[in-house]
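Report on one structure; see the data block that follows.
All heavy atoms count here, side chains included; hydrogens, waters and symmetry mates do not.
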Amino acid sequence: MGAVKNDSNSELTRMYYIGDNTYTLSVVIPFAGTYDYSISTYGTLSATYQADGYPRSGSSNKAYFTTRKDNTVVRFRYQFISNKVTIEMFE
C-alpha cells in the first residue's frame with residue numbers, strides 16, 4: 001500500500017475510528033495475489049491481531065488474504081473490545 005513493510009505507525013495504513021469501538025481502513029490492492037496482514041494497535045508491533053482475535057508479537061507469523069482480480073478494494077475492520085478482525089473484498 002506504499003508503506004514500509006511492518007511500519008505500524010504509517011499514515012498510509014492507519015485505521016480510523018468509525019464509532020461503536022470499531023476502526024476501519026479501506027485500500028485498493030492493485031494486483032491480484034496473496035498478501036499478509038496483521039492489525040497493529042497503538043502504533044506499535046507489541047500486540048497485533050488477525051481474524052482469530054489472539055494477540056501476537058509483530059514479528060510473528062501474519063495471516064493472509066487473496067484477491068482474485070486487479071484493483072480489488074479491501075476493507076479491514078477491527079473491533080477494539082473483542083479484538084475481532086474482519087476483511088471484506090469488493091471486486
The side-chain hydrogen bond (donor to acceptor under 3.5 Å, both in side chains) partners of Tyr49 (sequence neighbours excluded) come to none
CD1 (Ile87) and OH (Tyr64) are apart, to the nearest 0.5 Å, by 12.5 Å
Quick check against the 3.5 Å criterion: does Thr67 have a side-chain atom that pairs as donor or acceptor with the backbone of Gly33? yes
Across all chains, not counting sequence neighbours, the side-chain contact (heavy atoms from CB on, under 4.5 Å) partners of Thr86 are Arg77, Lys84
Item checked: Heavy-atom neighbours of Tyr17 OH exceed 12 at 6.0 Å -> yes
Flag for Asn83-Tyr54: side-chain donor and acceptor within less than 3.5 Å: no
*Does a side-chain heavy-atom distance below 4.5 Å link Tyr35 with Val74?*
no
Grouping I, L, V, M, F, W and Y whenever their side-chain heavy atoms are under 4.5 Å apart, do Ile39 and Ile81 come out in a common cluster? yes
In short, salt bridge (charged side-chain N to carboxylate O under 4.0 Å, His left out) pairs touching residues 64-73 with sequence neighbours left out are Arg68-Glu91
Would you give me the side-chain donor-acceptor pairs under 3.5 Å for residues 22-31, sequence neighbours excluded?
unit_1 : atom_1 : unit_2 : atom_2 : d
Thr22  : OG1    : Asp20  : O      : 3.0
Thr24  : OG1    : Phe76  : O      : 3.0

Output for pair (Lys62 NZ, Ser38 OG), nearest 0.5 Å, gives 5.5 Å
Checklist line | Student check: side-chain heavy atoms of Phe65 and Thr34 closer than 4.5 Å | finding: no
So the salt bridge (charged side-chain N to carboxylate O under 4.0 Å, His left out) pairs with at least one residue in residues 21-35 (sequence neighbours excluded) are none
Yes or no on side chain to side chain contact (heavy atoms under 4.5 Å, CB included) for Met89 and Thr72, after CA distance, side-chain angles and deciding distance?
CA-CA 7 Å; Met89 288 184 255; Thr72 297; 4.0 Å; yes
Sorted by chain and residue number, the side-chain hydrogen bond (donor to acceptor under 3.5 Å, both in side chains) partners of Glu88 (sequence neighbours excluded) come out as Arg75
When rounded to the nearest 0.5 Å, the distance separating CG of Asn21 from OH of Tyr78 is 10.0 Å
